[in-house]
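Values below: all heavy atoms of this structure, side chains included; hydrogens, waters and symmetry mates excluded.
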Amino acid sequence: MDLFDYMRSNTMEKEAPLASRLRPRTLDEVVGQQEIIGKDKLLYRAIKADKLNSLIFYGPPGTGKTTLAKVIANTTSAQFVQLNATVAGKKDMEDVVKQAKDNRGMYGKRTILFVDEIHRFNKGQQDYLLPFVEDGTLILIGATTENPYFEVNGALLSRSVIFELKPLSKEDIRTLIERAVYDKERGMGSYDAVIDEDAMEFLADIAGGDARSALNAVELGILTTERGSDGKIHITLDVASECIQKRVVRYDKTGDNHYDTISAFIKSMRGSDPNAAVYYLARMLYAGEDIKFIARRIMICASEDVGNADPRALQVAVAAAQAVERVGMPEAQIILSQAVLYVATAPKSNSAVCAIMDATDAVRTSKGTVPVHLQDSHYKGSAKLGHGLGYEYAHNFPKHFSHQQYLPDEVKDKVFYHPSDNGYEKKIQEHMKWLHED
């Protein structure tokens, strides 16, 4: 490194964002994630012993994926190389592999390749790394905000240990905020700022486990707030709320959080919790989810989880789907809310699901022949073959019901539909019992 490189490095370090300057240098400085880097945990022991295998760090933004990679870089004796998958190309990977081979062959030194946003690599790029990970040329550390089981090559996954990082707790965020405000070496302690307790509590809560979000707000507040009469910069609740403005909902329409939120939405309607259901609806709408997609999920739930316990649920859901397409946002949120609340509070039955699943299983495992008396007698002389012979027209009988056999002989005793005791299905149950009474 020459003088200019040294000066450039020093300048970049001093001018780096607060969140970057506060990154821990050792395992003992890391805040949070104790379930995977506690002193008795596998990852802690592996880093301390410098005996790492390939790893995938998976979790939402601001939870410490890159931080852990930097700690490993500071701890390991191996060569540490970092690439960002959003900008790196094949040539970059070829250079890393060449360097890794040289280090291994000439110095017996391992190379750790850290790939940030690894899910951005396409299949071909991920496949390129595979043989070098497999033969030990590279130890791969990937970081991703997306579910690696969806986004990362299965062969790479099988050669890696996956660690899921959780959002930091409020107490963890508070610890980091205190460091940011009062640490004079790497934080902003030299600015002589103080933060009010309610402002600290607000930021720790509204950051939603994202350390970077809270630290960015602290940095902005200190840099833009005038000093008080006592000469100090005061981070009040008003300053804090202005700097962070609003919580950023973690929800990517193509990512794992999308599926988590949709899952919670459906399960809340199924579980008859209207408060949770409308909360997840609001969460999706706030994040910009397609209203037609939401409407489709409501229709499915109305049939799958309510069914004939309240047949009107599907009517409401279908009407809502048509209405939101015609009306659009923002008014569509009211229509969706009405449909969600109706489905969530309706009596529940999954009898329709069970019936079609059981019937499909019977179709798959038996060759049922349509009874002759039910066969069509109008098509090209089929009556001469006896088709339809003996059919009993239901309306000619008391109760408009005939006891004739409708199922094929092979499954004639099967019962596929079991009405529940909920809602309208209770009446269906009673009606069917009445029909079969002699």
So CG of L168 and CG of L176: to nearest 0.5 Å the spacing works out to 6.5 Å
Subject >> E425 side chain vs P419 backbone, donor-acceptor pair below 3.5 Å >> reply: no
(message) Could you check whether any side-chain N or O of Q33 sits under 3.5 Å from a backbone N or O of T63, counting only pairs where one atom can act as donor and the other as acceptor?
(response) yes
Side-chain donor/acceptor of E219 to backbone N/O of L18, under 3.5 Å: yes
Note: E117-K65 ion pair, threshold 4.0 Å (strictly below): no
salt_bridge(R283, E289) N-O dist < 4.0 Å
no
Would you tabulate the side-chain donor-acceptor contacts of residues 317-341 under 3.5 Å, counting partners in other chains and residues two or more places apart, or write 'none'?
residue: Q333; atom: NE2; partner: P330; partner atom: O; Å: 3.1

Quiz item: Is the backbone N or O of I300 less than 3.5 Å from a side-chain atom of S303, with the two atoms forming a donor-acceptor pair by type?
Solution: no
- Do K166 and E164 sit within salt-bridge range, that is, some charged N less than 4.0 Å from a carboxylate O? yes
Which of R297, K348, R270 passes salt bridge (charged side-chain N to carboxylate O under 4.0 Å, His left out) with D305? Answer is R270
Margin query: Looking at R364 and D361, is there a salt bridge between them, counting it only when a charged N and a carboxylate O are closer than 4.0 Å?
Written below: yes
Q. Q82 and K70: side-chain donor and acceptor closer than 3.5 Å?
A. yes
Rounded to the nearest 0.5 angstrom, the CG-CZ distance for D238 and F202 is 10.0 Å
Contacts satisfying ring pair (Phe, Tyr, Trp, His ring centres under 6.0 Å) that involve residues 410-432 (not counting sequence neighbours) are H431-W434
Do R23 and E29 meet the salt-bridge criterion of a basic N to acidic O distance under 4.0 Å?
no
One should read off an interatomic distance between F57 CZ and T66 OG1, to the nearest 0.5 angstrom, of 10.0 Å
Do T76 and D50 have side-chain atoms, one donor and one acceptor, less than 3.5 Å apart?
yes
Item to complete: Hey, can you tell me if H395 and H400 have their rings parallel, tilted or perpendicular (30° and 60° cut-offs)?
Response: perpendicular
Got a donor-acceptor contact below 3.5 angstrom from the S54 side chain to the S160 backbone? no
Q. Does a donor on one side chain and an acceptor on the other come within less than 3.5 Å for Y406 and Q404?
A. yes
For the pair D95 (side chain) and D92 (backbone), establish whether a donor and an acceptor sit closer than 3.5 Å, ignoring hydrogens and angles. no
Any donor-acceptor N or O pair under 3.5 Å, side chains D172, T175: no
To the nearest 0.5 Å, atom CD1 of I262 lies from atom CZ of F265 at 6.5 Å
Rounded to the nearest 0.5 angstrom, the CD1-CZ distance for I291 and R296 is 11.0 Å
The reported gap from OG1 in T261 to OH in Y279 (rounded to nearest 0.5 angstrom) is 8.0 Å
(message) Taking the basic N atoms (NZ, or NE/NH1/NH2) and the acidic carboxylate oxygens, is any pair closer than 4.0 Å for D102 and K109?
(response) no
- Query: Between D273 and A276, is there a donor-acceptor pair closer than 3.5 Å when you use the side chain of the first and the backbone of the second?
  - Reply: yes
*So, for H403 and F397, is the gap between ring centers shorter than 6.0 Å?*
no
With ring-ring contact (aromatic ring centres under 6.0 Å, His included) as the criterion, how do F150 and H119 come out once you've worked through the C-alpha distance, each side chain's angles and the decisive distance to 0.1 Å?
CA-CA 9 Å; F150 293 150; H119 60 276; over 10 Å; no
Quiz item: With the threshold set at 4.0 Å, does a side-chain nitrogen-carboxylate oxygen contact exist between K98 and E94?
Solution: no
**Prompt:** Okay, side chain of K399, backbone of E437: is any donor-acceptor separation there less than 3.5 Å?
**Reply:** yes
Test your reading of the model: is there a side-chain donor-acceptor pair from Q79 to the backbone of N103, 3.5 Å cut-off?
no
